[in-house]
2 protein chains.
Amino acid sequence: MSPRRSVAEALGTRSAILERGVAIASCEGLEGLTIGRLAADLGMSKSGVLGHFGSKEALQLAVLDRAGDVFRAEVWERARPAAPGLARLRAICAAWISYLERGVFPGGCFFVAAAHEFDGRPGAVRDSVEAGFETWRARLEKEARRAVDAGELPAATDAGQLVFELLGAAMALNHALQLHRDPLAVTRARQAMESRLGGVA
Amino acid sequence: MSPRRSVAEALGTRSAILERGVAIASCEGLEGLTIGRLAADLGMSKSGVLGHFGSKEALQLAVLDRAGDVFRAEVWERARPAAPGLARLRAICAAWISYLERGVFPGGCFFVAAAHEFDGRPGAVRDSVEAGFETWRARLEKEARRAVDAGELPAATDAGQLVFELLGAAMALNHALQLHRDPLAVTRARQAMESRLGGVA
DNA sequence: CCTACCGATCGGTAGG
DNA sequence: CCTACCGATCGGTAGG
């Protein structure tokens, strides 16, 4: 039990901190994620936790990055095997709904929560959340444009409008699941997305 | 400047606390609304503030009630003169978008923020937020059913589904305005709602 | 990675 | 409505 650990051990510890940090922040928010709570949960000292990041803001950014890895793996990577265009857009929507329905993050979508927590507070955390959303939005819009170009969606389709409405359905689903614990919302979200993507009701 | 004030003065003080509390909580969240901050802003002592409510939770509930009064006045009361059914539903949507666009609460929709902050924390605040949303949802659904019954919307319309999609559009608008400061989203939300209400694009 | 601190602030109480 | 407190906890630092 020497106080100095190897590089591999340090990386393992860092990873464990982030995993626990994502779980806590998902429920309590990124500001409610305190260094003391994290240390207590992991059986470490506060300074032992903080030493891996340097400041609370750096910890928040690292936790946000880790949550982004989870979202990408659960939604984007699951849909990537599908053919570009409408098929992939449908696969993304299915994986997105599943990600919310399964409660991958116990407190609901990590990024929607972080967006509401930080949208009024300038700083690096806010910038990171905004950039993450913009990347996601652009990725969806690209698939939508491909679908239009391939004739899979009407030529008059406004890709930006389509993505706005898909985002709205995902947000309404997240809200209904987290606040009202209403599983019927899954069907509503699916129908909202499908009616936008030209599926039959 | 006697320490004991009249009943009218005490009510005025309470009202001033709530007004300031709504402004702070809109940006910092209901948990970030601290008694010390409130006291400093108002030039009062902490115990002077707390005396009006008894506990922080009671303060949060009172602030939530006050915010509900604002929402009702800004959205529901503005739309109430319209005829029941589709006309009123359209008026509600217009007032709802305007409420978000004008930034009636500086931090965006108070209730969406409160929902995300408290959906994972059981208690009276969570219950109040949930009840408020359910009341609003039911009010919208009632107008939607009236519109269907009057033949203003297709007979096959699922009122619950319609309201789900209107809520999604409002949430996507709130998100785009607060996180991305994207005024184009106003047009997107209007179009999403209108296409649901049978308007021409 | 630890112990042992720091000043600031939290919600809340006692007593007037 | 005030002053004067309480114990707990916050983020962070010094030094090893």
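Quick caveat: nothing in here was measured; it's all calculated off a predicted structure. Letters go in sequence order (proteins before strands), and every chain restarts at 1.
- B/Asp41 has its CG atom 13 Å from the P atom of C/dT9, to the nearest Å.
- Exactly one residue among A/Arg90, A/Arg137, A/Arg88, A/Arg80 makes a salt bridge (Lys or Arg N to Asp or Glu O under 4.0 Å) with A/Glu143. That residue is A/Arg88.
- Rounding to whole angstrom units, CZ of residue A/Arg37 and C1' of D/dG11 are separated by 17 Å.
- Put simply, the side chain of B/Glu31 reaches to within 4.5 Å of the side chain of B/Phe118, judged on heavy atoms.
- Nearest-nucleotide mapping onto DNA chain D: of A/Gly54 and A/Thr34, the residue sitting toward the 5' end is A/Thr34.
- As a whole-Å value, the separation of A/Glu31 CD from C/dC10 C1' is 14 Å.
- Whole-Å rounding puts the B/Glu28 CD to C/dC10 P distance at 11 Å.
- Spacing between atom CZ of B/Phe53 and atom P of D/dC1 amounts to 10 Å, rounded to whole angstrom units.
- For A/Ser47 against C/dT3, a side-chain-to-base donor-acceptor contact under 3.5 Å is present.
- For the pair B/Glu141 and B/Arg145, the salt-bridge criterion is met [side-chain N within less than 4.0 Å of a carboxylate O].
- Base pairing of D/dA4 is made with C/dT13, judged by Watson-Crick or G-U wobble geometry with both donor-acceptor distances under 3.5 Å.
- Looking at B/Ser15 and B/Arg66, their side chains do bring a donor and an acceptor atom within 3.5 Å of each other.
- Residue contacts shown for A/Leu50 include a base, since a base heavy atom lies under 4.0 Å away.
- At whole-Å resolution of the value, CG in B/Leu42 and P in D/dC1 are 10 Å apart.
- We find that NZ of A/Lys56 is positioned 8 Å from P of D/dC10, with the value rounded to whole Å.
- Between A/His52 atom NE2 and D/dG12 atom P the separation is 16 Å, expressed in whole Å.
- Among the nucleotides C/dC10, D/dG12, C/dC1, the one closest to any side-chain atom of A/Ile35 is D/dG12.
- One can find a donor-acceptor pair under 3.5 Å joining the base of D/dG11 and the side-chain atoms of A/Lys46.
- For B/Lys142, the NZ atom is loosely surrounded, since the number of other residues' heavy atoms within 6.0 Å does not exceed 12.
- Within the 4.0 angstrom heavy-atom criterion, base atoms lie near B/Ser45.
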